[in-house]
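Data first, discussion second: the structure below is written as structure tokens.
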Amino acid sequence: MSKLSTITVHAPATVANMVCGFDVLGFAVNEPYDIMQLTLVNEPGITIHNKDNYNLPTDPDKNVAGAALQALMEELTIPVGFDLTITKQIKPGSGVGSSAASSAGAVAAANYLLGNIFSQEDLVRFAMNGEKLASGVKHADNIAPCIFGGVTLIRSIFPLDIISLTAPELFVTIVHPQIEVRTSDARSILKQQVLLKDAIRQWGNIAGLVAGLQQQDYDLIGRSLEDVLIEPVRSILIPGFDEVKQRSKTVGALGGGISGSGPSIFMLSKEKEIANSVASEMEAVYQSLHVDHHIYITTINTNGVRFLVP
Ligand code: HSE
């Protein structure tokens with residue numbers, strides 16, 4: 001087997017749902033990100049190596065990056081394979097798109113090595129196979145922002161219809177309480193039917209959030225960061241959730257909520273100082289609850305997967 005070419009990529013964490021947009025909105029952040037090195041080889045097949053302590057499977061059938069690469073390889077007519085080394089910095093199960101980063105990073109790197117033969121939509125389609133393996137369902141609200149960067153609207157996944165939204169400068173504070181919430185569990189507790197009055201409120205908020213982002217109207221963004229469908233059910237899985245939200249708003253956050261399916265909580269702020277104050281409030285809540293936690297203060301990543309060209 002001979003090595004043909006190699007690329008290293010940084011695949012960013014992502015915040016899915018953006019409070020009111022369950023499965024349809026998401027954005028990428030600059031911290032944290034996974035580091036992945038992919039080598040194109042002249043022999044078909046996928047080999048995976050992990051350079052972290054998460055003990056994720058190296059069998060490509062059981063690894064989300066492997067599942068995504070397999071989907072891509074099914075559409076190749078040339079006999080090539082991939083050797084992938086993953087250094088995860090996004091903890092699996094944290095709610096900031098860990099599986100999406102692995103899946104999206106792998107196929108974006110593969111496409112780079114193959115001379116960009118696939119579109120970004122194709123890459124989302126391939127990477128959703130990783131999400132299916134991780135949570136049992138194909139959803140693109142982490143994958144799409146990871147690949148496209150910025151804030152994305154997934155109007156439909158079958159067929160794929162992804163819209164990149166412009167957004168004003170926003171600071172993002174994320175707290176990851178070190179408890180495990182599996183996406184499949186967080187999805188299984190959701191009600192399958194909603195009341196019309198709640199649906200009306202929710203789509204009013206989604207439209208308000210999209211308009212607020214496009215018009216750079218921070219007040220409208222803040223007012224629209226409300227979720228009457230999912231958060232009331234899921235937030236009971238996250239200790240300190242209500243307190244974090246309430247204290248963050250008191251110090252000036254525009255709003256926020258559960259990141260993806262949790263347990264991470266994110267808050268958006270207009271200014272860095274406010275984002276720092278939000279972090280202090282998050283710190284105080286989890287210290288008083290004696291829950292180990294990790295906090296990121298970051299910004300929206302507008303580029304998606306980053307290629308470290310030698
Ligand atoms: N939209 C998905 C969910 C994102 O909330 O279940 C999972 O990261």
Side-chain angles (χ1 to χ4, degrees), residues 11-29 32-34 56 64-65 67-68 88 90-105 124-125 127-148 151-158 160-163 165 172 174-177 179-192 194 198-199 202-203 205-206 209-210 225-238 241 245 256-266 296 300-301 304:
T14 44
V15 172
N17 301 337
M18 222 171 166
V19 183
C20 51
F22 180 70
D23 277 3
V24 301
L25 288 173
F27 64 89
V29 289
Y33 54 83
D34 284 346
L56 293 172
V64 297
K88 284 204 80 63
I90 310 170
K91 195 170 177 182
S94 53
V96 287
S98 182
S99 54
S102 295
S103 310
V124 172
R125 196 162 46 77
M128 279 200 297
N129 289 279
E131 292 294 58
K132 175 110 201 295
L133 181 63
S135 68
V137 187
K138 284 188 178 179
H139 60 91
D141 50 343
N142 293 105
I143 296 282
C146 190
I147 287 175
F148 284 71
V151 184
T152 55
L153 166 68
I154 299 96
R155 195 197 63 79
S156 153
I157 52 168
F158 302 119
L160 259 184
D161 189 1
I162 298 166
I163 298 103
L165 304 175
V172 189
I174 301 171
V175 62
H176 173 209
I179 52 167
E180 199 185 336
V181 175
R182 292 161 62 97
T183 298
S184 49
D185 294 339
R187 291 184 83 91
S188 69
I189 60 170
L190 298 176
K191 293 184 221 154
Q192 292 303 311
V194 299
D198 292 338
Q202 196 85 356
W203 60 57
N205 280 327
I206 297 172
L209 180 55
V210 171
L225 289 170
E226 178 196 49
D227 173 8
V228 297
L229 297 181
I230 311 296
E231 182 182 293
V233 183
R234 281 185 171 172
S235 58
I236 51 169
L237 302 173
I238 307 172
F241 178 80
K245 207 169 136 179
I258 305 171
S259 175
S261 56
S264 289
I265 305 169
F266 80 100
Y296 298 95
I300 293 185
N301 170 333

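Ligands are counted one by one from 1 in listed order, and the atoms in each one are counted from 1 as well.
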- Is the closest side-chain donor-acceptor distance between T183 and S261 under 3.5 Å? yes
- May I ask you to list the atoms of ligand 1 that are less than 4.0 angstrom from any heavy atom of N17? 1 (N), 2 (C), 3 (C), 5 (O)
- Which of the atoms of ligand 1 are close to R234, meaning less than 4.0 Å from one of its heavy atoms? 3 (C), 5 (O), 6 (O)
- Item | V19 and I230, any side-chain heavy atoms less than 4.5 Å apart | no
- R182, CZ: over 12 other non-hydrogen atoms inside 6.0 angstrom: no
- Would you say the side chains of S98 and K91 form a donor-acceptor pair under 3.5 Å? no
- Check each atom of ligand 1 against the heavy atoms of A16 and keep those under 4.0 Å away; list them by number with element. 4 (C)
- Nearest non-hydrogen partners of I154 and A140, listed with the distance: CD1-O, 3.5 Å
- Step by step, would you call D161 with S156 a side chain to side chain donor-acceptor pair (under 3.5 Å)? CA-CA 5 Å; D161 189 1; S156 153; over 6 Å; no
- Task: Give the numbers and elements of all ligand 1 atoms closer than 4.0 Å to a heavy atom of F22.
- Result: 3 (C), 5 (O), 6 (O)
- Query: What's the shortest distance from atom 6 (O) of ligand 1 to any protein heavy atom, and which residue and atom give it?
  - Reply: R187 NH1, 2.8 Å
- Protein residue, atom and distance nearest to atom 7 (C) of ligand 1, heavy-atom basis: H139 CE1, 3.6 Å
- Heavy-atom proximity to atom 8 (O) of ligand 1, picking from N142, V137, D23, points to N142
